[in-house]
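These figures come from a predicted structure and were not determined experimentally. As the structure lists them, so they are numbered: ligands from 1, and atoms in each ligand from 1.
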Amino acid sequence: LISPDKIEEVKNASDIVEIITGYLALKQSGSSFKGICPFHQEKTPSFMVSREKQLFKCFGCGQGGNVFTFVQRMENLSFVESVKMLAKRSGIEIEDNRRSTVDFSEKESLLKANLEAINYFHDMFLKSDRAKSYAVSRGLSEATIADFKIGFAPGEGGLSSYLRSKGISEDAALKSWLIAKGNTGTYDVFRDRFMFPIFNIYGDIIAFGGRAMDDSQQAKYINSKETSIYIKGRNLYNLNNARKFTDGTAVIVEGYMDCVTVYSAGIKNVVATLGTAMTPDQAKLLKRYAQKAVIMYDMDDAGRQGAVRAGNHLFSEGMDTYVVSFEEVKDPDDYIKKFGVEKLKEKIAKAEPFIDFMIEQLKKQGDPNNAYFKETVIKEVAALVSKSDSSIVRSAAAKKLADRLYLAINLVEGYFGRKEETVPQVEGTIDDAKALREKGVDLAEKTIIATAINSLGTDDEQVILKHIAERRELLGLKYEDFRNNAYSQIMQKIKAYFNAGEKEILKKVELDYVDNEDYNSIISGIIADKERRDWQEKQKDPKAKKQEQDNMQLISDCLQRIQKEKAGREMEAVNDAIRQAESTGDTQALKSFMEEKHRLQMILAPAKNKLKR
Ligand SMILES: [Zn+2]
């Protein structure tokens, strides 16, 4: 396994703000950074990242943790995999004496196979006059060919032997879908094709798209099938480059070739879907990097349909969505050739709002003078627009429909219901007094651990931890008595480090739980909560200073609450024992149980009196 020292080294080398910025846009807000949460759907940012504390927390969905937690969730990795990934990123060698998980080594071997394959394809490209002249005919510069690692697959079995010579196993080559098994052995999947490697956002090659260079081939495109490192609907072509240039706006084109030509013409914020219609996941992915989406598809029937579908997903994700239509030419590439890239940039800046485009497309599908057809159009647009939070967007859409369908506005508005307000989710259901009590205890336990953690490393550390220990012992409580096992474990750790005179307790505890998602989510959640509160308070009153006295009282109250809950639990057991002793006539036992009952009553009594009042 990876040693704690190594883990700390990797953690120190991986600045959380820098890592997260690779996945989504963050804006500085006070002492921390804010962004749209990638783990739940939201329009206003409640995802917070603290550089100082090196953690993230979403106040919308509650997810939080350190840099490893983030990478684990985003990439769907195990803890060890996330450490390895970040180590690789910062060039830290990790000697792992145990075999890593099967999954990870498979991912690694597929990436390696793809990397060797593109080396081969790129080399073949440079040797093929036909491929080179095809590239020239498409207007690709040498720089673009190098940037996109464009290749050529001759497909005469050369790839298999090349991969073998580089130590790539047949299994890896098969699994990465570079070669396939036929009746008479294996063959290259991509034959006589212009090759586009597909990168993930780190620049790893995860798949390929192969384009036919003339009409002799049946399929214009052949794309890699999905593998353990490649899910089509969750990647966008060129996002690894485009995300550096979005500046709030992303342009979406249909295919690799459009994407490469548009990018090399100077429109760098361009991505493409991967041989499929846009998926909701892709829209979500794009939204992390841009607020405005401009769809620029071919203006044939398929392209228009694709644009409507893509627009639906992008709009539903809350992006400002626009469509560029070409009347004069077929696609962006032709447009650039005919009118130049500056004209295309203008067109992008003045693109048509998606709702307008959608209404026009819908109108073409029937008789716009027919009342029933008009209703169909209205319903379809209303269904989409109702997903928008903005009442302005909704009423603008209604007005547009009324104009385009020659209807009175109040008639159209009837179809535009108010957006249902989202009800905040309540954790669990509180259906009885017992649940309510337990919730109270959970809050008390959480308050204790939060107070302890937030004191770590501050001037109050000694005072607070001492006070907790003293009060706890006075009430006869142990951390084992805590109902929440995680709180109990973390508090025991803090206690042990404190008693040992450890200086950097928080750091130690964080490292102890670095691979425990639940625990480090709890710790980071507590710290982030406080950060936010402090910041909000500073906004209200810059001179505000927290009051230690309140903390002391709070600790006592909470511990008492926990003690009572424990006494309540014990009381049930004692009552059982008393009944048992009565039935067997064991007077000796009965006496001691009655004493115990009396002790518990003393603890529980004040609460009962309070309730009666
Ligand atoms: Zn969230």
(message) Which label fits Phe196 and Tyr237: parallel for a plane angle under 30°, tilted from 30 to 60°, or perpendicular past 60°?
(response) perpendicular
(request) For the residue pair Gln54 and Asp15, confirm or rule out a side-chain donor-acceptor distance under 3.5 Å. (result) yes
(request) Taking the six-membered ring for Trp and the full ring for Phe, Tyr or His, determine whether the centres of Phe70 and Phe56 are under 6.0 Å apart. (result) yes
(message) No waters, cut-off 2.8 Å: how many protein N, O or S atoms are close to the Zn ion (ligand 1)?
(response) 4
(message) Could you tell me if Thr69 and Asn520 have a donor-acceptor pair between their side chains, going purely by distance under 3.5 Å?
(response) yes
(request) Before accepting this row, confirm whether a basic side-chain N of the pair Lys507/Glu8 lies closer than 4.0 Å to the acidic partner's carboxylate O. (result) yes
(message) Test of understanding: with ring pair (Phe, Tyr, Trp, His ring centres under 6.0 Å), list the residues that count as partners of Phe315, not counting sequence neighbours.
(response) none
